[in-house]
Amino acid sequence: MTVEMSVEVGGLRLRGPVVAASGTFGYGTEVPLLERRALGAMVSKGIFLRPREGTPPPRIVETPSGMLNAIGLQGPGVEALIRDYAPQWAGWDFPVLVNINGETAAEYGELAARLDGVPGIAGLEINISCPNVEQGGLYFGNDPRAAAAVTEEVRKRTDLPVWVKLTPMVTDIGVIARACEAAGADALCAINTFVGMSIDLNTQQPRLSFRTGGLSGPAIRPLAVHLAHQAARAVNIPVVGIGGIFRADDALEFLIAGCAAVQVGTATFANPRAIAEVNDGIAAFLASKGLPSLSDLHRYLPRD
Amino acid sequence: MTVEMSVEVGGLRLRGPVVAASGTFGYGTEVPLLERRALGAMVSKGIFLRPREGTPPPRIVETPSGMLNAIGLQGPGVEALIRDYAPQWAGWDFPVLVNINGETAAEYGELAARLDGVPGIAGLEINISCPNVEQGGLYFGNDPRAAAAVTEEVRKRTDLPVWVKLTPMVTDIGVIARACEAAGADALCAINTFVGMSIDLNTQQPRLSFRTGGLSGPAIRPLAVHLAHQAARAVNIPVVGIGGIFRADDALEFLIAGCAAVQVGTATFANPRAIAEVNDGIAAFLASKGLPSLSDLHRYLPRD
Amino acid sequence: MFLLDGNMVARREVARGMFVLSVDAPQIADSVRAGQFVNLGWSPGPLLRRPFSVYRVDGDRIEVILKAVGVGTAQLLAMMPGETISCLGPLGHGFDLSPGPTSVVLVSGGLGVAPMPLAAREARAAGMHVTWVHGARTADELCTEADGDEVIWATDDGSQGFAGTAVAAVPDADLVLACGPNRMLASVASHWPDAQVAVETYMGCGTGVCLGCAVPLERGGYDRACKEGPVYRAADIDWSMLPAHLPYAISA
Amino acid sequence: MFLLDGNMVARREVARGMFVLSVDAPQIADSVRAGQFVNLGWSPGPLLRRPFSVYRVDGDRIEVILKAVGVGTAQLLAMMPGETISCLGPLGHGFDLSPGPTSVVLVSGGLGVAPMPLAAREARAAGMHVTWVHGARTADELCTEADGDEVIWATDDGSQGFAGTAVAAVPDADLVLACGPNRMLASVASHWPDAQVAVETYMGCGTGVCLGCAVPLERGGYDRACKEGPVYRAADIDWSMLPAHLPYAISA
Ligand SMILES: Cc1cc2nc3c(=O)[nH]c(=O)nc-3n(C[C@H](O)[C@H](O)[C@H](O)COP(=O)(O)OP(=O)(O)OC[C@H]3O[C@@H](n4cnc5c(N)ncnc54)[C@H](O)[C@@H]3O)c2cc1C
Ligand SMILES: Cc1cc2nc3c(=O)[nH]c(=O)nc-3n(C[C@H](O)[C@H](O)[C@H](O)COP(=O)(O)OP(=O)(O)OC[C@H]3O[C@@H](n4cnc5c(N)ncnc54)[C@H](O)[C@@H]3O)c2cc1C
Ligand SMILES: Cc1cc2nc3c(=O)[nH]c(=O)nc-3n(C[C@H](O)[C@H](O)[C@H](O)COP(=O)(O)O)c2cc1C
Ligand SMILES: Cc1cc2nc3c(=O)[nH]c(=O)nc-3n(C[C@H](O)[C@H](O)[C@H](O)COP(=O)(O)O)c2cc1C
Ligand code: FES
Ligand code: FES
């Protein structure tokens with residue numbers, strides 16, 4: 001039985017529901033082992049307008065069933081991205097979204113304008129887990145108004161599909177989700193990493209040079225499933241589930257919880273074939289249940 | 001070298017910094033293996049004014065390096081607690097705090113009044129991770145005003161030491177911490193479980209009958225260390241660190257991050273000797289560093 | 001209750017995919033009663049311990065019987081003799097086999113055979129005639145180590161013994177003891193309200209502190225399977241509220 | 001780059017607590033160059049793979065050398081021959097041993113010996129005279145498998161060979177290659193700016209996608225140890241910003 005795996009997510013038709021998550025797949029040029037046929041789409045490493053050096057080492061630390069990272073959004077800046085990577089992407093058979101980052105809503109808008117219409121760039125993912133310098137460093141994603149402002153600014157400056165990637169450390173993710181939907185997002189991605197800290201007993205200082213880092217991996221999966229479910233219940237646009245997906249069963253939890261697609265991040269570090277295995281496992285599950293297509297999967301979305 | 005392990009936490013002098021966490025130690029009468037000498041204090045299972053049946057099974061599910069629980073605060077109600085357990089506690093050589101829960105601030109206040117002066121009860125731990133029925137089910141702990149209102153209500157009705165146990169799923173734990181401090185808390189406990197969900201692929205429904213549950217265990221430790229650190233930076237009263245402590249090294253991360261003491265929960269399920277091992281391991285670490293007492297441990301609390 | 005680091009000394013196969021592990025655990029072997037269980041942990045292993053009925057006792061050793069149904073059981077079965085398993089037990093409240101009844105039927109489905117050898121031993125010690133009724137889907141899934149004065153086999157496909165469920169094959173007796181999927185125990189309850197059944201629930205601690213192992217009662221409220229249970233009078237349980245879809249149930 | 005499930009076939013001790021594991025990994029054995037590494041994973045094991053230099057190649061087998069310094073290395077050393085290790089590699093950019101220089105010194109401290117046997121092989125193939133300088137705290141921590149035309153031992157306590165660090169024992173040569181604690185490499189850099197050094201960093205992916213393995217450069221910015229490294233021209237690294245307290249460094 002062949003299963004129809006394609007899915008429409010926020011203005012993009014993906015051949016399958018498994019997307020490579022930002023920051024865990026570089027610019028798509030590094031991982032040679034991956035079976036690319038399984039990629040629904042790819043989100044590039046987060047980019048700023050200008051080049052960024054990133055944080056000093058140590059940048060990562062392993063934790064129980066997870067890892068903390070503080071890369072500091074190292075990257076070449078948008079011009080180099082357009083020059084060096086977009087032309088390669090233009091030839092690929094899956095869409096590439098660029099993960100955009102800024103310190104002010106205006107910076108996000110400028111990025112959107114610069115990337116609009118560039119061949120090879122199929123869409124934008126707004127990373128709102130960035131400190132808002134105009135609001136004293138509070139994350140954009142923590143405040144529905146700031147999140148909406150960024151989304152609106154980007155929406156105005158581009159015709160590309162706009163996905164907004166939500167931050168998990170908020171009191172009510174539904175409020176932020178609705179604010180972004182109202183501001184013009186085509187899809188939401190839930191969730192980014194949780195802020196965590198690990199202390200080195202020898203130095204009695206944080207292990208990461210940046211002190212805190214973002215927690216990813218299976219440790220956060222139950223939290224991510226809950227938050228993606230809450231977001232999916234709150235809005236009418238598609239939600240892409242992210243957080244600790246290592247195997248097809250994990251992805252299916254998000255899909256059943258109401259997500260249209262999923263992103264796989266940390267898993268790729270442990271298993272460079274993870275995306276292919278997740279994709280194929282979802283197809284096998286659907287086939288075993290006699291479901292002809294992904295869209296026939298039961299979504300668990302009670303609106304009580 | 002003997003190390004001075006005693007510590008003063010919010011109106012109570014504990015012989016050691018390791019406290020049994022609420023809901024993971026019953027009423028202290030069940031775990032016969034534990035070496036009680038190592039217990040700094042114990043927090044009893046959460047109690048309401050009236051008896052509660054709790055949620056139907058399944059109530060727990062294992063997740064990567066963690067577990068979800070939805071016990072539903074099953075318990076006999078405050079009168080039975082006073083009748084059946086307090087007299088036993090009165091004879092013990094470590095203090096017992098009662099974890100109190102309500103649906104309105106007034107209910108918390110009534111509990112505090114009822115427990116005030118009862119022999120065997122050394123203090124109260126307010127669990128503010130309860131839905132506030134007067135605010136449409138939003139957790140008390142999610143809103144600084146509601147958290148302060150509960151704390152104030154309890155403070156007014158008792159002379160017992162009052163610890164407030166913070167919920168982690170908030171945008172800024174420092175704000176809640178300061179609100180509780182200002183409302184009269186003697187100490188803060190950080191943190192309670194995170195809300196999570198796990199989906200059963202066979203039934204395509206949540207595995208827990210209550211749908212969501214609280215995530216505990218090593219999975220959340222990096223998040224808990226960060227939040228406890230944030231809380232400790234925000235206030236001048238002691239903070240008790242909680243979340244995923246399985247070994248002495250884990251507890252030391254919280255202590256270095258600025259906590260005065262720690263609570264051990266889920267670890268006791270996997271290892272009934274966990275509390276003793278954590279306590280003894282802390283003493284051994286201090287000795288190995290040549291520190292004569294717990295209070296000589298370096299606290300990492302930059303206030304930038 | 002003891003907490004021991006036990007040496008895993010042997011493994012044998014007793015049905016297709018069903019194995020018995022022997023673990024050195026002297027104090028537990030000495031004190032365990034039929035229907036009680038041990039909570040096993042190992043390293044590297046899952047976060048929580050895994051509960052298993054004690055199957056037999058052999059000198060200083062306890063035996064547990066299992067199949068690979070998930071991560072933990074697969075890891076246990078991949079262990080080599082010589083590796084260490086942490087054993088917490090004996091736990092729970094076992095079968096009541098005080099003298100009185102003259103005959104007992106031990107009814108088990110699949111892995112539900114687990115507590116029955118100890119039950120047979122205690123029943124015989126109390127002077128009862130023991131009938132062993134053991135069912136599975138098909139002949140090669142029957143646990144071959146039968147231990148009754150009389151033995152009745154039952155298979156869903158009729159490939160050995162009685163064609164049908166173990167419950168349908170139960171003869172008359174003073175006392176009925178049962179273990180198996182919760183679905184099967186619910187059927188036992190409808191035939192023999194006074195039967196003693198060993199139920200299964202997810203467990204957090206195994207020692208009574210977490211309230212995770214809730215067993216819904218007919219009279220309302222919940223008991224702890226690890227403390228008041230896992231053995232109950234069949235009619236005391238509210239079967240409609242006890243989940244029937246635990247992995248063990250699927251594989252039985 | 002290959003991803004192979006390799007059979008662990010043997011283990012031998014080469015210094016106190018220091019072991020060599022042999023793993024079947026034909027394509028990696030065929031293609032690996034000195035200074036490259038493999039990223040090892042196993043189940044049940046830690047979340048992330050663990051990077052190890054390839055120590056030797058023996059037919060279809062690669063060898064890695066390690067001590068138990070943490071959870072992962074302890075698990076690897078507890079494995080029995082016959083168990084499976086997932087091998088991702090060869091990874092990174094190794095030593096440049098193209099013909100030209102007539103003599104090379106291979107300087108290693110503790111586990112820094114790891115990439116040296118392959119380096120010796122390639123250096124000899126390129127016609128160089130190989131001096132092997134290997135240091136440790138004390139005699140029984142020296143890796144006994146020396147492989148140079150000339151061998152110099154160094155111990156901090158003077159219990160064997162030169163009394164002092166390996167770096168202090170280095171003779172003149174056209175080329176210096178070094179591996180060991182980052183502290184030691186910083187000292188190499190101050191003596192021989194053109195030395196090729198293999199550094200260590202924490203790693204997420206090992207394949208260049210996570211940017212976790214940042215190596216601070218003298219000219220500013222960061223390189224990826226797993227892609228542009230782990231071998232660098234000594235003077236190109238900003239040693240003041242490279243952490244010196246990784247566990248491996250502690251144990252060396
Ligand atoms: C009192 C009692 C006695 C038992 N005796 C036996 C026995 O003798 N032989 C045997 O094979 N099995 C027995 N079981 C079931 C056994 O505990 C589970 O099969 C085992 O825990 C599954 O672990 P896993 O990691 O392989 O499965 P997973 O499904 O990977 O486990 C995930 C989680 O679910 C729990 N879990 C899964 N299935 C069950 C289950 N059926 N019951 C309780 N918890 C479960 C696990 O403990 C774990 O927390 C008993 C259960 C109980 C409660
Ligand atoms: C390119 C490279 C080659 C290496 N070659 C060897 C070798 O040949 N032999 C050898 O014994 N060791 C080698 N190491 C170090 C080895 O990878 C670590 O000792 C090992 O990862 C420690 O794992 P653990 O689980 O035992 O330690 P833990 O401290 O429990 O590990 C926790 C985390 O820290 C990381 N980590 C800990 N120490 C190091 C370290 N020194 N370097 C990188 N990551 C670390 C682990 O990967 C893991 O993510 C190499 C490291 C790198 C980067
Ligand atoms: C090393 C690393 C770098 C990341 N960089 C980014 C980034 O640049 N932009 C972004 O939006 N998310 C970034 N993330 C977050 C991931 O895209 C993803 O949301 C998160 O890791 C949770 O998914 P996972 O558990 O599958 O990894 C990064 C994650 C990791 C581990
Ligand atoms: C089964 C279970 C029951 C719990 N019951 C309560 C409770 O009644 N009141 C409360 O404030 N916290 C309760 N908690 C939360 C713990 O006290 C603790 O805050 C949390 O589990 C994190 O710590 P840990 O990772 O060490 O378990 C419970 C936790 C578990 C696992
Ligand atoms: S398993 Fe914890 S109370 Fe029964
Ligand atoms: S380890 Fe991921 S980029 Fe080097």
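The sequence lines fix the lettering, A, B, ..., with proteins before strands; numbering per chain opens at 1.
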Any donor-acceptor N/O pair, B:Glu30 side chain to C:Val209 backbone, under 3.5 Å: no

Intermediate values then yes/no, side-chain contact (heavy atoms from CB on, under 4.5 Å), B:Lys45 and C:Leu211: CA-CA 10 Å; B:Lys45 172 72 192 157; C:Leu211 307 181; 4.0 Å; yes

Flag if over 12 foreign heavy atoms under 6.0 Å of CZ, C:Phe19: yes

For chain C, the option from B:Arg273, B:Arg52, B:Met67 that forms the most heavy-atom pairs under 4.5 Å: B:Arg273

B:Arg207 charged N/C atom sitting above C:Tyr202 aromatic ring, 6.0 Å / 45°: no

4.5 Å side-chain heavy-atom contact, C:Cys205 and B:Thr268: no

Evaluation steps, side-chain contact (heavy atoms from CB on, under 4.5 Å), between B:Thr266 and C:Leu47: CA-CA 9 Å; B:Thr266 305; C:Leu47 184 80; 4.2 Å; yes

Nearest heavy-atom neighbours spanning B:Gln74 and C:Tyr222: NE2-O, 3.8 Å

Interatomic distance, B:Ile71 atom CD1 to C:Cys210 atom SG [nearest 0.5 angstrom]: 5.5 Å

Student check: side-chain heavy atoms of C:Arg49 and B:Phe269 closer than 4.5 Å: no

Ionic contact status for C:Arg50 with B:Glu62, cut-off 4.0 Å: yes

Heavy-atom closest pair, residues C:Gly221 and B:Glu53: N-OE2, 3.2 Å

Side-chain heavy-atom pair B:Pro57, C:Thr201 within 4.5 angstrom cut-off: no

Best-contacting candidate, C:Val71, C:Thr207, C:Leu3, against chain B by heavy atom pairs under 4.5 angstrom: C:Leu3

Exceeds 12 heavy-atom contacts within 6.0 angstrom, atom OH of B:Tyr27: yes

Crowding at CZ, B:Arg15 (>12 non-hydrogen neighbours, <6.0 Å): yes

